[in-house]
Asks: 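Next up is a structure, given as structure tokens.
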Amino acid sequence: MHPKANFSGNFHSGKGENGYKINLNVKRKLKQVISSESEKRFRAENGQGVKGRKSGGLTLQEQRENLPLYPVRESIIQQIRVNDTLIFLGETGSGKTTQIPQYVHESGFTRSGIVAVTQPRRIAAISVAQRVAQEKFCQVGELVGYTVRFEDCSSPETKIRYMTDGSLLREAIRDRLLTPYSTIILDEAHERTVNTDVLFGIVKEAQRIRKEAKKQPLKIIVMSATMDVDHFSAYFNKAKIVYLEGRMYPVKLKHVKRNDHDYAQTCLITLFDIHRNAPLDHDVLIFLTGQEEIDAMAEQVRSIGKSAEFHDSPLKVLPLYSQLPQHKQLEVFKPAPQGVRKVILSTNIAETSLTISGIKYVIDSGMVKQKVYNSLTGMDTLKVVKISQAQAWQRTGRAGRESEGVCYRAYTVSEFEKMSLMTTPEILRSNLATTVLQLLALGIDCMNFDFMDKPSRESLNSAIKLLYELKAIGAIEGAKLTEVGRKMSQFPLDPRFSKILLEAANYGCLTEMIMIIAVLSGENIFYSSTDKRDQILVAHSKFVSKYGDHLTILNAFREFLSAENAKMWCFKHFLNYRNLMYANEVRKQLLEICKRCNIDESTCGNDYDQVRKCLLVGLFGNIAELQRDQMYLTLVGRQRAKLHPSSALCHKPLADYVVYTDLVATERAYLKYITIVDPDWLHELPNASKLRRYSTTNNFK
DNA sequence: GAGCACTGC
């Protein structure tokens, strides 16, 4: 049970097994809440930074002193001093992310090394670093800095370094003892990203080895916002838990009385109940599951909102999901005009990544779209499932950031109680090929790795098997990295792609493969929208290759790189400029790593067969065969699937054999990013005999 | 004829 069943203002958690509670008697309200996190983040992302030293008449120092942490500062520093490992349970608004690292610094620990603070998201690492630099009256990159992919804003002076968890993990692969660091703070640990989960084991091991070797000790601090801290404590040898009070306003909870199994309908009815009764300057945030659902409901809300009943109470309806163009996302941060209610329909992007100010009401559908990987079929399934109780509290909290609020839950109390306590950690529902390779690069056998939650044997085995087939390891048992494997681990890619780059020189097409893989690493470069569908189709048809999506991507990316005015060019061709720019960053990074690995640059010009053959070097396990009923069958996982509607080859005569990049199931199974392959090539693949056995047609015998 | 939640190196 969540300890805050009554959800009043002062988050107190009760004591854990090794509990230690810092009491706060001081209760002051912030006169001015610093402009919302997300807004700051967006500004930071746009390179504007956070300006001015004052906020609402409070100096930075006054703001610091107003944080709930401040009065117990000495006591916290004392705890940091005496414990090698410490777990902070800090509720929203406690200021732990900005303050604890400063306390570590102020108590002298940075004399012997840097304090690293990891974040799951780069935008958080950057914006928090900017904030703390201000508090320290320094420029970012001096005393306080950050390190994220493509951007290292730190210097030899830097003592407090914010970084993404993935960034620190990369560094650990080069230096498993994390020598430059005196303290590692793993923030937002409750999110349990794959990277944080791996880091748990790495820092624990580094601490042990450094202690045994009588080297500079490593201090570990885990910061979490949810209640499973006992799990963390147990993992870190019964580390002490310190509870930090947050600053939240009371949120009233309302559950539905009966379950009618149509959460969307319930949300809609609730919204208009609120709309009838609440003052118009109270904004509403509704949590739904995906783009399609959100767009559909937005339409409904708009149309009901236009009815006579609501003539005098206008609504501003704003969808919010990650695929939405940036400028439309920014709309949600603008205050609605006087006398207009803002209604935001969001995916769980508003749960953690973005914070919207002024939300008075939250309507929680209780559902989320979640990805689960099946290692037997090699398929990702994207399914709408019930949220966890922890997620429910996170959503509820979004109503109480600046004033008292109300959370309407489209599920009953007993349904809530049936929800799992915590969200399943990502590592238990992901493809582990990359993780296992990273561990091997650290000299760790994944079967014996000290996971906080150990993935299934099947999941680990299938990752090991893939690495063996890619020749990254020499044997299945007692897996050891080969030279190829060591090189593969250098790349920030799925091992199948790393392998392709390592072999591309043999096919004379490194330039082309890097471009294709760079685009696949990012988000979709082709803009899509239903209203200009035909126009877009024509614009994109220019790039379409008869061989499929990989070469279509290549055509588009090549032209992008040679365009005079890239931004205009993208606009004209309905391509996503931001995603192409990102792909170009990745391309440059991959080129750099290839150089380090002594892979010679080469280009095949328009000899596209070389590219198509080279794809198979990594994706030989992803062959699908056309069946009589015009469905594809994946040969290794034996999964029936269709081409994804976004494919360049949709609505064209289907080829007998294709190589696919992803197999994803939503309502049905789809092959994404495919290229036609010549059946003759299949005989030369490392798993040819297996493929032949699985084939059900006579095209490949 | 029908679509991908969210991150990150």
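A, B, ... follow the sequence lines: proteins, then strands. Residue 1 opens every chain.
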Asks: For B:dC6, take OP1 and OP2 only and decide whether either is under 4.0 Å from a side-chain N or O of A:Thr347.
Replies: yes

Asks: Assess whether a salt bridge exists between A:Glu331 and A:Lys328, defined as any Lys/Arg side-chain N lying under 4.0 Å from an Asp/Glu carboxylate O.
Replies: no

Asks: Nearest to the A:Glu667 side chain among B:dC9, B:dG3, B:dA5, which nucleotide is it?
Replies: B:dG3

Asks: What's the closest nucleotide to the side chain of A:Arg121 if the choices are B:dC6, B:dG8, B:dA5?
Replies: B:dG8

Asks: Kindly point out which of B:dT7, B:dC6, B:dC9 is positioned nearest to the side chain of A:Val148?
Replies: B:dC9

Asks: Counting only side-chain nitrogens and oxygens, does A:Ser167 get under 4.0 Å of the OP1 or OP2 atom of B:dC9?
Replies: no

Asks: Starting at atom CD1 of A:Ile123, determine the distance to atom P of B:dC9, rounded to an integer number of angstrom.
Replies: 12 Å

Asks: Looking only at side-chain atoms of A:Pro645, point me to the closest of B:dA2, B:dC9, B:dC6.
Replies: B:dA2

Asks: Is the ring pair A:Phe416/A:Tyr411 parallel, tilted or perpendicular, if the boundaries are 30 and 60 degrees?
Replies: parallel

Asks: Hey, does the side-chain of A:Arg533 have a donor or acceptor N/O within less than 3.5 Å of a partner on the base of B:dA2?
Replies: yes

Asks: For the side chain of A:His651, starting at C-beta, report the closest nucleotide among B:dG3, B:dG1, B:dA5.
Replies: B:dG1

Asks: Between atom CD in A:Gln323 and atom P in B:dG3, what is the gap in whole Å?
Replies: 15 Å

Asks: Send over the distance from A:Leu199 CG to B:dT7 P, rounded to a whole Å.
Replies: 20 Å

Asks: Of the candidate nucleotides B:dC9, B:dA2, B:dC6, which contains the atom at the shortest distance from the side chain of A:Lys642?
Replies: B:dA2

Asks: Which residue, A:Lys371 or A:Pro492, contacts DNA chain B at a nucleotide closer to its 5' end, judged by nearest heavy atom?
Replies: A:Lys371

Asks: Using a strict 4.0 Å threshold on nitrogen-to-oxygen distance, state whether A:Lys369 and A:Glu292 make a salt bridge.
Replies: no

Asks: Within the pair A:Tyr670 and B:dG3, is there a side-chain N or O less than 4.0 Å away from OP1 or OP2?
Replies: yes

Asks: Taking the minimum atom-to-atom distance to the side chain of A:Arg668, which one of B:dC6, B:dA5, B:dA2 wins?
Replies: B:dA2

Asks: Quick one: sort the A:His540 and A:Phe574 rings into parallel, tilted or perpendicular, breaks at 30° and 60°.
Replies: perpendicular

